[in-house]
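Working notes, beginning with the structure itself.
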Amino acid sequence: ETGVTQSPTHLIKTRGQQVTLRCSSQSGHNTVSWYQQALGQGPQFIFQYYREEENGRGNFPPRFSGLQFPNYSSELNVNALELDDSALYLCASREGGQETQYFGPGTRLLVL
Amino acid sequence: ELKVEQNPLFLSMQEGKNYTIYCNYSTTSDRLYWYRQDPGKSLESLFVLLSNGAVKQEGRLMASLDTKARLSTLHITAAVHDLSATYFCAVVISGSARQLTFGSGTQLTVLP
């Protein structure tokens, strides 16, 4: 167990809808990152938050947005869903200054 | 753009045999991570390699890093069935906020 939880575990949406995925990190983990993992591929970095500010972003469009809250929880929001957004979404957290990132179990999103 | 290549992508091996997974990356990095992923599950951290020449071992797995060659290896000794999983290496671009760029993964199957 990594102490990182995500909800929901599975989600089905239709194209054009909006979705919010949630992540709860361990206490003290002030850095959280979100990754998208398509089937059969390695995870791709979406963005990272440190102390509630975005401090890194991968090659994802602005319809992917996030929030981090003071209680070590965070959200990933995706607007105008597309079929290619179907994937496993992983959040990962770490304590500032530490190297190891701990991944949550993921949310599997299917867009129809 | 940082590229991370793993080979082989698929590996089927007999129990008791040894094998090595290779991870090459295209730009300067001083941090390399190895993760394990079981089917339908999240990522489990195996090793964090932080300097040239770093070697870490845990059970039947040993990882090493050569930053000059931009190469990391994951060596499996006397494989057992429980090691069957997909293994990912991930690299951090020097100076970045530790955002991970993953390889495509090596799907390992250990046969009895």
Side chain, backbone, both or neither of [X] within contact of chain B (heavy atoms, under 4.5 Å):
X	answer
A:Tyr35	side chain
A:Gln41	backbone
A:Gln37	side chain

**Option that, when pairs with chain B are counted at under 4.5 Å, heavy atom only, ranks first among A:Pro105, A:Pro43, A:Gly42** = A:Pro43
Non-hydrogen atoms of chain A under 4.5 Å away: do they reach the side chain of [X], the backbone, both or neither?
X	value
B:Ser104	backbone
B:Leu9	neither
B:Gln37	side chain

**Prompt:** Quick one: do A:Arg63 and A:Asp85 make a salt bridge, cutoff under 4.0 Å?
**Reply:**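 Here A:Arg63 pairs with A:Asp85 in a salt bridge, since their nearest N and O are under 4.0 Å apart.
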**Request:** Output yes when A:Glu99 and B:Arg31 qualify as a salt bridge under the 4.0 Å nitrogen-oxygen rule, no when they do not.
**Result:**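 Looking at A:Glu99 and B:Arg31, the cut-off is met.
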**Asked** Looking at B:Ala90, B:Gly40, B:Ser45, B:Ser42, which has the largest count of heavy-atom pairs under 4.5 Å with chain A?
**Response**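 Option with the top pair count is B:Ser42.
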**Request:** Would you please indicate yes or no on a ring centroid separation below 6.0 angstrom for A:Phe47 and A:Tyr49?
**Result:**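 Between A:Phe47 and A:Tyr49, which both carry aromatic rings, the centre distance is below 6.0 Å.
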**Aromatic centroids of B:Tyr35 and A:Phe103 separated by under 6.0 Å** =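 A:Phe103 vs B:Tyr35: aromatic centres under 6.0 Å.
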**Prompt:** Out of B:His75, B:Met13, B:Arg60, which one pairs with B:Asn18 under the side chain to side chain contact (heavy atoms under 4.5 Å, CB included) rule?
**Reply:**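 Going through B:His75, B:Met13, B:Arg60 one by one, the side chain to side chain contact (heavy atoms under 4.5 Å, CB included) with B:Asn18 is satisfied by B:His75 alone.
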**Request:** Could you check B:Thr86, B:Leu83, B:Leu43 and say which one makes a side chain to side chain contact (heavy atoms under 4.5 Å, CB included) with B:Arg36?
**Result:**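 It is B:Leu83, the one option of B:Thr86, B:Leu83, B:Leu43 that forms the side chain to side chain contact (heavy atoms under 4.5 Å, CB included) with B:Arg36.
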